[in-house]
Amino acid sequence: MINVSGVTVVSGVFDVSGVTDMSGVTDMFGVTDVSGVYDVSDVIDVSGVFDVSGVTDVSGVTDVSGVTDVSVVTDMSGVFDVIDVSGVTDVSGVTDVSGGAALDLKACPPKPFRWILDMTWLNLVELSKLPQFAEIMNQISRNEKGWKSWFDKDAPEEEIIPDGYNDSLDTCRKLLLIRSWCPDRTVFQARKYIADSLEEKYTEPVILNLEKTWEESDTHTPLICFLSMGSDPTIQIDALAKKLKLECRTISMGQGQEVHARKLIQMSMQQGGWVLLQNCHLGLEFMEELLETLLVTESMEDSFRVWITTEPHDRFPITLLQTSLKFTNEPPQGVRAGLKRTFAGINQDLLDISNLPMWKPMLYTVAFLHSTVQERRKFGPLGWNIPYEFNSADFSASVQFIQNHLDECDIKKGVSWSTVRYMIGEVQYGGRVTDDFDKRLLNCFARVWFSEKMFEPSFCFYTGYKIPVCKTLDQYFEYIQSLPSLDNPEVFGLHPNADITYQSNTASDVLETITNIQPKESGGGVGETREAIVYRLSEDMLSKLPPNYVPHEVKARLIKMGHLNSMNIFLRQEIDRMQRVISILRTSLSDLKLAIEGTIIMSENLRDALDNMYDARIPQLWKRVSWDSSTLGFWFTELLERNAQFSTWIFEGRPNVFWMTGFFNPQGFLTAMRQEVTRAHKGWALDTVTIHNEVLRQTKEEITSPPAEGVYIYGLYMDGASWDRRNGKLTESTPKVLFMQLPVLHIFAINSTAPKDPKLYVCPIYKKPRRTDLTFITVVYLRTVLSPDHWILRGVALLCDIK
């Protein structure tokens, strides 16, 4: 039986070892040996087969649960619903579909259109390895208009997908496509997938019902609440205890509190009632003791319960978590929910405490500011560089200050606005703020909202959000209820694009959590797949790794260029650091290959490298000596690009335009430039020389010679705004375009410490999207037609790297 190409069922046959072509067969139930067959692409079920060592194509098979050897198979892209692969011992020929994160951009087919983002293209390249998307890259190239139109829609997941994908894909494959094209819409499509796979109810938000949670517990089962920013269930737990006529004994954990906690627990066990242990992440050692007490103690009063609040912590006892009921109490989101929560803590007496007409509008404005500063947190660095935990104490202190100020103010002179702004922006709310640019933002809110204009009928925070004229609390609640449930980011001063950033970050967090809880240890054949993939990746990276810098060659070139020149001293320091990265990478990858082969022991660093490389992340050892990046693929591409700039500079001469992103110490680069300019001018002192800038109209490619003084810089991205190249000024972002590359920036030094023009926007430059003191480089001054305050509220900054 050499040829069975016309047969569709061979379910009673046990040995087909002489057959070479089974491309028409769909049912092979009962077959155990197909070692001579090379094509079973039409077979759906090979669950009884044990040996497929001659097969190279199983792209149509979905169930390989009985197979133990697929060492020659190179394409398993059709195998999706593999429930059991516990018997597989060799899948070393299988290619990996781990996601675009692992790819090197330069090794991929080029993007057909500029509007497609690098990360999107990498995702699509990886997606094309699945049979349903095999032609997607060609289809996009042929149908730019259709795909661009679909991508530009506000909710692409609700629209018809081009090129027939709408009908050919199920919700899971649509989720893969949406995740590749529009990361910000991932969660919306994921809801559809969950509803389709499970039930609609699993996509609905759960409203916490503490009474039902309590009913599920017993004396031996603690109730643990995980704290998140702005949420604390203490008030609700106390209220429930009063309703049930039980005593709730509360203690906040910390150093030395264990003695008091023990007494409360013993008392409650004997007399009944609840114990609430707050902030247990500060008393982790006591948690082990608590678990033992609950397990060992047999006689307890029936009403006894232990409530625990804690922040998530790595060292929290896992056994305690497993034996408890766990819940979280997320604060409601949106201005409407925030104002409701704030006004719920206000009584009519506070509203009527002052007869002055300024009192109620100012009280409402502080409440609106309180909601705004909290809501901006969800937008990440666009909202606040550091997410501060503003709480009701800040609101109460501000209200108390305004009440005192109005009691003491002279009616003829009116409100001292400079005092009010200072107290709110620098003391009450500003007292929490540690970042200079966050302080600038807070003072901007105080400056824009707190003035005589707030009493004019035309004043509004944003269209539809005005200060209501109300006399009673009920009237305020009625107005607050009329506000939209979902807010446009412009309410908080941000561009509508900020919502895309928020949704993308949410999706990224969800996917990272899923990745983190994947099993890491090798188990049977699956572990070998991980190691085979990482081994191949290690070989690929080693083959592309640049050669070491030869010290005497570098030294000779530096002497020739002028080794005492400040810019060349900077270059030498950068090359030294790059050499360290290359050396560590080379050693680490070589050792990892040996460890996978079993020649040397797999150390902790090598295990970390294996796990992270498999997940397309940067191993900790590499990150410590280099820089951060979103994926391993981008990190390695950046390493090659950084090295290319240093190599060109040292061996071919100083570049006309510098890529500042490629420096370990960009601040040192700008200081070296200042020193160079200062030395060129007799009588200039470094202390009085400051940096100034000019944005050119040219791109990097159009620059043919270096500037007479200073440096040209390229590769900076505008975040929160766009740049009008023709008129040389800031302008609003294009919808759906989160970042816009700035043309070449000329940075130079001037011998003046005089303040710059206040009409210019002072724009910070950061190395990465995460804006902290560690990633801050310097400020530049940008021309604008609108007030600089507008761009402060927008959170506009320049980023060296957006990945």
Aromatic rings Phe461 and Phe368: how do their planes relate, parallel, tilted or perpendicular, breaks at 30° and 60°?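 Parallel.
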Angle between ring planes, Tyr429 versus His370, binned at 30° and 60°: parallel, tilted or perpendicular?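 If you compare the ring of Tyr429 with that of His370, the planes turn out tilted.
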Problem set entry | Stepwise salt bridge (charged side-chain N to carboxylate O under 4.0 Å, His left out) check, Glu158 with Lys192 | CA-CA 10 Å; Glu158 303 292 346; Lys192 289 186 171 190; 3.4 Å; yes
Using a 3.5 Å distance criterion without hydrogens, assess whether the side chain of [X] forms a donor-acceptor pair with backbone atoms of [Y].
X: Asn488; Y: Val491; value: no
X: Ser268; Y: Leu264; value: yes
X: Trp384; Y: Val373; value: yes
X: Arg305; Y: Asp302; value: yes
X: Asp196; Y: Thr171; value: no
X: Asn279; Y: Met253; value: no

Do you know the tightest heavy-atom contact between [X] and [Y]?
X: Met287; Y: Leu277; answer: CE-CD1, 4.3 Å
X: Leu176; Y: Ser180; answer: O-OG, 2.8 Å
X: Thr310; Y: Ile224; answer: CG2-CG2, 3.8 Å
X: Gly334; Y: Glu375; answer: N-OE2, 3.0 Å
X: Arg249; Y: Gly273; answer: NH1-CA, 4.3 Å
X: Pro222; Y: Thr323; answer: CD-O, 3.9 Å

Check whether more than 12 heavy atoms from other residues, nucleotides or ligands sit under 6.0 Å from atom [atom1] of [X], and answer yes or no.
X: Glu604; atom1: CD; result: no
X: Glu159; atom1: CD; result: yes
X: Gln255; atom1: CD; result: no

In Å, rounded to the nearest 0.5 Å, how long is the span from [atom1] of [X] to [atom2] of [Y]?
X: Thr501; Y: Leu738; atom1: OG1; atom2: CG; value: 4.5 Å
X: Lys242; Y: Ile237; atom1: NZ; atom2: CD1; value: 13.0 Å
X: Gln189; Y: Ile194; atom1: CD; atom2: CD1; value: 10.5 Å

Query raised in the report: Between Arg530 and Tyr614, is NZ or CZ placed under 6.0 angstrom from the six-membered ring centre and within 45° of the ring axis?
Result: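 Here Arg530 passes the 6.0 Å and 45° test against Tyr614.
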- Query: Can a cation-pi geometry be assigned to Arg191 and Phe188, taking NZ or CZ under 6.0 Å from the six-membered ring centre and within 45° of the ring axis?
  - Reply: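 Geometry flag: set, cation within 6.0 Å and 45°.
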If we only count heavy atoms from C-beta on, is the [X] to [Y] side-chain gap below 4.5 Å?
X: Lys623; Y: Asn612; answer: no
X: Val366; Y: Gln428; answer: no
X: Met269; Y: Ile265; answer: yes
X: Cys280; Y: Phe286; answer: no

Review point. When you look at Tyr165 and Ile160, which way does the side-chain contact (heavy atoms from CB on, under 4.5 Å) test go after all the steps?
Key: CA-CA 8 Å; Tyr165 283 109; Ile160 293 171; over 6 Å; no
#### Entry: Phe390 and Phe395: CA distance, side-chain angles, deciding distance, ring-ring contact (aromatic ring centres under 6.0 Å, His included) verdict
CA-CA 9 Å; Phe390 297 111; Phe395 171 74; over 10 Å; no
If you take the centroid of each ring, where Trp contributes its six-membered ring, are Phe492 and Tyr462 closer together than 6.0 Å?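 No, the ring of Tyr462 stays outside the 6.0 Å limit from the ring of Phe492, centre to centre.
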Sort out for me which residue in Thr434, Thr772, Asp435 forms a side chain to side chain donor-acceptor pair (under 3.5 Å) with Asn385.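 Answer after filtering Thr434, Thr772, Asp435: Asp435.
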Next item on the list: Evaluate the criterion side-chain contact (heavy atoms from CB on, under 4.5 Å) for residue pair Phe316 and Phe226; output intermediate values, then yes/no.
Entry: CA-CA 12 Å; Phe316 197 92; Phe226 295 113; 5.9 Å; no
Dump the intermediate steps for salt bridge (charged side-chain N to carboxylate O under 4.0 Å, His left out) on Asp394 and Arg432, then the final yes or no. CA-CA 9 Å; Asp394 304 318; Arg432 285 189 186 278; 2.8 Å; yes
